[in-house]
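Here's the structure we're looking at; comments come further down.
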Amino acid sequence: MRVIASSQEMARICREVPRPLGLVPTMGALHRGHQALVQRARQDNRTMAVSIFVNPSQFGPQEDLTQYPRTLDQDLDLLRGEGADLVFMPAVEEMYPPGFDTWVDVGRLATRLEGEQRPGHFRGVATVVAKLFHLVRPDRAYFGQKDGQQALVIRQLVRDLDLGLEVVVVPTVREPDGLALSSRNLYLTPQQRQAAPVVYRALCRAQELRRRGEVGAEQLRREVRSVLASEPLVEAIDYVSVADAETLEELDTVGGRAMVSVAIRLGKLRLIDNIILE
Ligand code: PAF
């Protein structure tokens with residue numbers, strides 16, 4: 001496994017490795033959710049590359065950039081164990097040298113849900129991912145369904161800029177009680193950890209109602225909200241969305257594939273999760 005810090009060197013090596021080349025972009029603090037991405041990338045490709053870069057431009061001024069968990073030695077052990085060939089770990093100045101001033105803005109899709117709650121977030125994500133794709137030139141890139149909107153934004157980016165790679169979305173990995181794995185789960189207090197599975201219970205409620213034949217999107221939103229509100233530690237519900245699974249436009253009636261997404265606040269932490277209704 002080669003660990004590379006320089007963009008130029010990464011680009012040079014990636015031009016020479018056996019194809020197909022799969023890339024798993026991450027911000028480190030790797031957990032079983034990332035492991036599922038890495039394993040899938042290993043299966044599908046002759047070369048597997050992982051990037052670890054805590055991308056400052058996708059954090060808002062009030063967000064947790066400096067507190068974002070960093071577990072580098074463990075991350076490298078995990079990646080060695082999973083047979084990664086290349087790990088790209090650039091410094092911030094390598095990705096954003098002085099004078100950097102070009103940004104990638106994905107349109108409407110990136111203004112909804114997380115885009116509305118976290119202005120500039122997807123601009124930061126799209127810019128860094130476009131840079132990574134440009135340096136690595138992967139045949140495939142792997143993202144988790146946990147960040148469902150992010151995966152859609154990146155698909156749109158790839159389509160619109162003719163980046164010529166396949167975006168593979170891997171199912172969310174959950175704890176036995178349904179909590180979706182996330183690097184930020186490390187910061188849940190024991191009480192918050194006990195309360196957190198309410199998010200998945202609320203999503204399952206929508207799924208159950210849909211299975212029983214409910215097609216009213218507002219009815220589904222109302223039920224999801226009422227499950228979330230039943231947990232006293234939930235301080236705020238940022239949104240409950242029942243939207244078209246491709247465009248994220250809010251639905252009146254659920255016909256085809258829909259994505260039910262929620263974002264809540266538990267103390268200082270924000271939890272997001274989603275489920276697809278087929
Ligand atoms: O999902 C993440 O970890 C990040 O948003 C990503 C895709 C690595 C871009 O920084």
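Whatever order the structure lists ligands and atoms in, that order sets their numbers, starting from 1. Quick note: residue numbers are just sequence positions, from 1.
Using modelled atom types, one finds no donor on one side chain facing an acceptor on the other under 3.5 Å when comparing Tyr187 with Asp64. In summary, the side chains of Arg210 and Gln207 do not present any donor paired with an acceptor at a separation below 3.5 Å, with no hydrogens or angles considered. Counted by atom type alone, Glu114 and Tyr239 present one or more donor-acceptor pairs between their side chains at under 3.5 Å.
Counting heavy atoms of neighbouring residues, nucleotides and ligands inside a 6.0 Å radius, atom CD of Gln194 does not exceed 12 of them.
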Short N or O separations between ligand 1 and the protein, below 3.5 Å:
from     : atom 1 : to     : atom 2 : distance (Å)
ligand 1 : 1 (O)  : Gln150 : NE2    : 2.8
ligand 1 : 5 (O)  : Gln58  : NE2    : 2.9
ligand 1 : 5 (O)  : Gln150 : OE1    : 2.7
ligand 1 : 10 (O) : Gln58  : OE1    : 2.6

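Between Glu166 and Arg140, at least one side-chain nitrogen of the basic residue sits less than 4.0 Å from a carboxylate oxygen of the acidic one, meeting the salt-bridge criterion.
The main-chain N or O of Ser51 is found under 3.5 Å from a side-chain atom of Thr26 such that the two form a donor-acceptor pair.
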